[in-house]
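So the structure is just underneath, and the comments pick up after that.
Every value quoted in this text rests on a predicted model; they were computed, and no experiment measured them.
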Amino acid sequence: MPGLRALLRPTLPRRLFGALVLAFGLVAAALLALDYAEFKHDMATHPGVQTLADHLGATLADTDEPRDAALVTQASAQMLNRMRRESGQLPGTVEFQLQDANGQTVFATPGATTVRPGTHWTAEARRGPWRLVIAEPRVSDTTVLGWFGRELAGYLLLAFPLVLLPLWIAVRRGLQPLQQLTHTVSVREAHDLSPLGLTPRHDELRTLASAFDALLDRLRQQRDRERAFVQDAAHELRTPMAVVAAQAHLLAHAGGAPERERAATALNAALQRAAHLSRQLLTLATLDETRSGGTDEVDLTDLVEQTLAQLAPQAQALGLDLSLDAPPSLRVRLPRAAFETVLLNLLDNALRYVPAGGRVAVTLEAGRHTLCLRVEDDGPGIPPADREAAFERFWRGATGAEVAGTGLGLAIVRRAALRLGGGVRITDGLDGRGCGLVVSWPKAH
């Protein structure tokens with residue numbers, strides 16, 4: 001049973017062998033069809049029995065005596081039917097009938113008078129005073145196809161090994177570079193992401209090796225990003241944890257109520273920053289690792305209004321004016337979680353960096369083929385020279401050191417925008433001041 005399973009396992013040589021057998025079968029079928037069509041055409045236009053009738057009629061044309069004509073016809077009929085019986089391939093008996101100029105039958109085989117239309121191929125010849133009719137039994141289509149099939153089979157059986165042998169040698173030699181490539185990949189260590197170092201002669205294998213090297217290069221880049229991410233995350237978490245430890249120590253050794261209150265306030269702020277940083281690290285890691293999920297039908301206007309309503313008390317406490325410009329309703333299909341990530345991080349950045357008395361304007365636009373979310377403010381803004389760097393992890397810029405941010409917000413926004421199928425860019429903010437974050441992505445159809 002295992003041997004049979006191994007024999008039936010698909011391989012390239014077996015597939016090529018099967019294709020060759022199929023090709024020979026198609027060629028055989030085409031040749032058989034051509035031979036059969038030619039045979040039917042010949043029998044319909046000029047059957048072989050007509051040639052026999054013409055020759056025998058020409059022989060009888062110089063014979064005047066009925067007895068002599070009958071003997072010649074009888075001898076021809078006996079000889080022909082004896083040859084048919086000896087061949088063992090042609091069924092039935094060829095019937096002959098000879099009539100004189102008056103229509104009197106001079107000679108007829110026993111079955112000549114019982115010939116029916118459609119059962120025989122018939123031919124007639126009029127020479128001199130004689131009218132000769134010969135009827136040959138029709139051969140079935142199955143018999144005709146059997147004749148041609150047996151004849152073709154011999155030629156195909158002779159040609160098959162002559163074609164198969166060169167093909168088999170070519171396949172075996174052609175698969176050697178693929179086996180070398182397989183061996184090179186199989187013996188590599190799991191942590192070895194260096195290029196294969198192979199340049200096969202064949203274009204197809206060269207393309208495969210190049211694609212594999214490109215995959216290894218992407219894996220190396222991903223591994224480097226993950227290492228950098230872990231190192232940066234460890235560095236960023238070290239600061240709030242140190243602050244937590246220090247404030248906990250101060251709280252434990254505080255000498256009076258005012259000192260304990262200050263230590264508790266600082267400890268709470270450090271814990272909130274550590275929690276916020278942890279959440280953003282998890283969000284960024286999730287966006288980096290997972291593939292794009294399914295889409296949901298969402299009313300973006302309603303979703304943005306609900307989010308702004310939840311943040312309104314915080315904006316009011318900070319002295320910020322929060323506004324929305326959007327269509328009354330905007331129902332679209334998109335990855336809801338990715339959009340919410342974009343929206344919350346853009347608003348969180350604005351609420352952290354815009355000073356009291358400032359404005360934050362949210363705009364939702366629907367074009368013919370794209371959707372756009374715009375969050376603008378009149379805060380300190382980001383200089384044009386730093387706008388690309390602002391999307392790097394843990395970047396805070398000149399103003400970021402004074403704010404309890406993590407430097408991950410815009411990196412998260414970029415990853416979430418890619419999940420939406422779009423991108424994000426930084427522009428000038430309100431009245432040419434501040435900062436504007438524009439996220440756009442194509443509509444789903």
At their closest point, which heavy atom of [X] faces which heavy atom of [Y], and how far apart are they?
| X | Y | answer |
| --- | --- | --- |
| Gly357 | Leu320 | N-CD2, 4.3 Å |
| Pro442 | Leu420 | CD-O, 4.4 Å |
| Leu322 | Ala315 | CD2-CB, 4.1 Å |
| Ile382 | Ile426 | CD1-CD1, 4.0 Å |
| Val342 | Val439 | CG1-CG2, 3.7 Å |
| Leu162 | Pro166 | O-CD, 2.9 Å |

Check whether any side-chain heavy atom of [X] sits under 4.5 Å from a side-chain heavy atom of [Y], and report yes or no.
| X | Y | answer |
| --- | --- | --- |
| Leu193 | Arg223 | yes |
| Val413 | Leu437 | no |
| Asp348 | Tyr353 | no |
| Trp147 | Val139 | yes |
| Cys372 | Val438 | yes |
| Leu22 | Leu26 | yes |

* Residues two or more places apart in sequence or in another chain: which of them pass salt bridge (charged side-chain N to carboxylate O under 4.0 Å, His left out) with Arg220? ->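 By the salt bridge (charged side-chain N to carboxylate O under 4.0 Å, His left out) rule, Arg220 matches Asp217.
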
* Asked: With Arg333, which residues qualify under salt bridge (charged side-chain N to carboxylate O under 4.0 Å, His left out), at least two apart?
  ->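 Result, salt bridge (charged side-chain N to carboxylate O under 4.0 Å, His left out) vs Arg333: none returned.
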
* Glu388 and Arg414: salt bridge (Lys or Arg N to Asp or Glu O under 4.0 Å), yes or no, with the steps? -> CA-CA 11 Å; Glu388 184 59 32; Arg414 170 172 278 183; 3.0 Å; yes

The criterion is side-chain hydrogen bond (donor to acceptor under 3.5 Å, both in side chains); which residues satisfy it with [X], sequence neighbours excluded?
| X | value |
| --- | --- |
| Arg206 | Asp203 |
| Glu151 | none |
| Glu95 | Thr109 |

* Asked: Salt bridge between Lys443 and Glu365, side-chain N to carboxylate O under 4.0 Å?
  ->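 A salt bridge is absent here (no side-chain N lies under 4.0 Å from a carboxylate O).
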
* If you measure only the distance, is there a donor-acceptor pair under 3.5 Å linking the side chains of Ser329 and Asp299? ->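 Judged by distance alone, the side chains do pair up.
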
* Asked: With sequence neighbours left out, which residue pairs that include part of residues 309-323 fulfil the side chain to side chain donor-acceptor pair (under 3.5 Å) condition?
  ->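 Listed by first then second residue: nothing to list.
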
* Quick one: which residue pairs count as a side chain to side chain donor-acceptor pair (under 3.5 Å) with a foot in residues 178-189, not counting sequence neighbours? =>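 Sorted pair list: Arg188-Asp192, Arg188-Ser194.
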
* **Worked verdict on Asp296 versus Leu334 for side-chain contact (heavy atoms from CB on, under 4.5 Å)** => CA-CA 6 Å; Asp296 304 300; Leu334 80 172; over 6 Å; no

How many angstroms lie between [atom1] in [X] and [atom2] in [Y], if you round to the nearest 0.5 Å?
| X | Y | atom1 | atom2 | answer |
| --- | --- | --- | --- | --- |
| Leu343 | Leu373 | CG | CG | 6.0 Å |
| Leu300 | Glu340 | CG | CD | 10.0 Å |
| Ile134 | Thr122 | CD1 | OG1 | 10.5 Å |
| Leu145 | Arg150 | CG | CZ | 10.5 Å |
| Thr341 | Leu344 | OG1 | CG | 7.0 Å |
| Arg387 | Leu410 | CZ | CG | 12.0 Å |

* **Intermediate values then yes/no, side-chain contact (heavy atoms from CB on, under 4.5 Å), Leu20 and Phe24** => CA-CA 6 Å; Leu20 181 62; Phe24 266 77; 3.5 Å; yes

* Would Glu136 and Arg84 satisfy salt bridge (Lys or Arg N to Asp or Glu O under 4.0 Å), going step by step from the backbone distance to the final call? -> CA-CA 11 Å; Glu136 180 183 8; Arg84 287 171 65 90; 3.1 Å; yes

* Partner set under ring pair (Phe, Tyr, Trp, His ring centres under 6.0 Å) for Phe339, not counting sequence neighbours ->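 Phe339: ring pair (Phe, Tyr, Trp, His ring centres under 6.0 Å) contacts with Trp441.
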
* What residues form a ring pair (Phe, Tyr, Trp, His ring centres under 6.0 Å) with Tyr155, not counting sequence neighbours? ->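 Partners of Tyr155 by the ring pair (Phe, Tyr, Trp, His ring centres under 6.0 Å) criterion come out as none, since no residue qualifies.
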
* Would Leu371 and Leu330 count as a side-chain contact (heavy atoms from CB on, under 4.5 Å) if you check the C-alpha gap in whole Å, the side-chain angles of each, and the deciding distance to 0.1 Å? -> CA-CA 10 Å; Leu371 298 167; Leu330 182 56; 4.2 Å; yes

* Asked: Okay, side chain of Asp377, backbone of Cys435: is any donor-acceptor separation there less than 3.5 Å?
  ->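 Yes, the answer is positive, given that a donor and an acceptor are paired below the 3.5 Å cut-off.
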
* Asked: Okay, side chain of Thr370, backbone of Gly367: is any donor-acceptor separation there less than 3.5 Å?
  ->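 Not at all, since once roles are kept as given, no pair shorter than 3.5 Å links the two residues.
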
* To do: Quick one: which residue pairs count as a ring pair (Phe, Tyr, Trp, His ring centres under 6.0 Å) with a foot in residues 307-327, not counting sequence neighbours?
  =>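 For residues 307-327, and leaving out neighbouring residues, there are no ring pair (Phe, Tyr, Trp, His ring centres under 6.0 Å) pairs at all.
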
* Would you mind listing every ring pair (Phe, Tyr, Trp, His ring centres under 6.0 Å) that reaches into residues 295-331, with sequence neighbours excluded? =>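 Ring pair (Phe, Tyr, Trp, His ring centres under 6.0 Å) check on residues 295-331 returns no pairs.
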
* Output, in order, the C-alpha distance, side-chain angles, deciding distance and verdict of ring-ring contact (aromatic ring centres under 6.0 Å, His included) for Phe148 and Tyr36. => CA-CA 8 Å; Phe148 292 140; Tyr36 177 74; 7.6 Å; no

* To do: Show your reasoning for whether side-chain hydrogen bond (donor to acceptor under 3.5 Å, both in side chains) applies to Thr207 and Ser210.
  => CA-CA 5 Å; Thr207 303; Ser210 299; over 6 Å; no

* After noting the C-alpha distance and the side-chain angles of Leu308 and Glu305, does the key distance pass the side-chain contact (heavy atoms from CB on, under 4.5 Å) rule? -> CA-CA 5 Å; Leu308 292 181; Glu305 286 177 346; 5.9 Å; no

* Residue pairs, two or more places apart or on separate chains, that pass salt bridge (charged side-chain N to carboxylate O under 4.0 Å, His left out) and touch residues 38-52 ->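 Every salt bridge (charged side-chain N to carboxylate O under 4.0 Å, His left out) pair that includes a residue of residues 38-52, provided the two are not neighbours, is Lys40-Asp141.
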
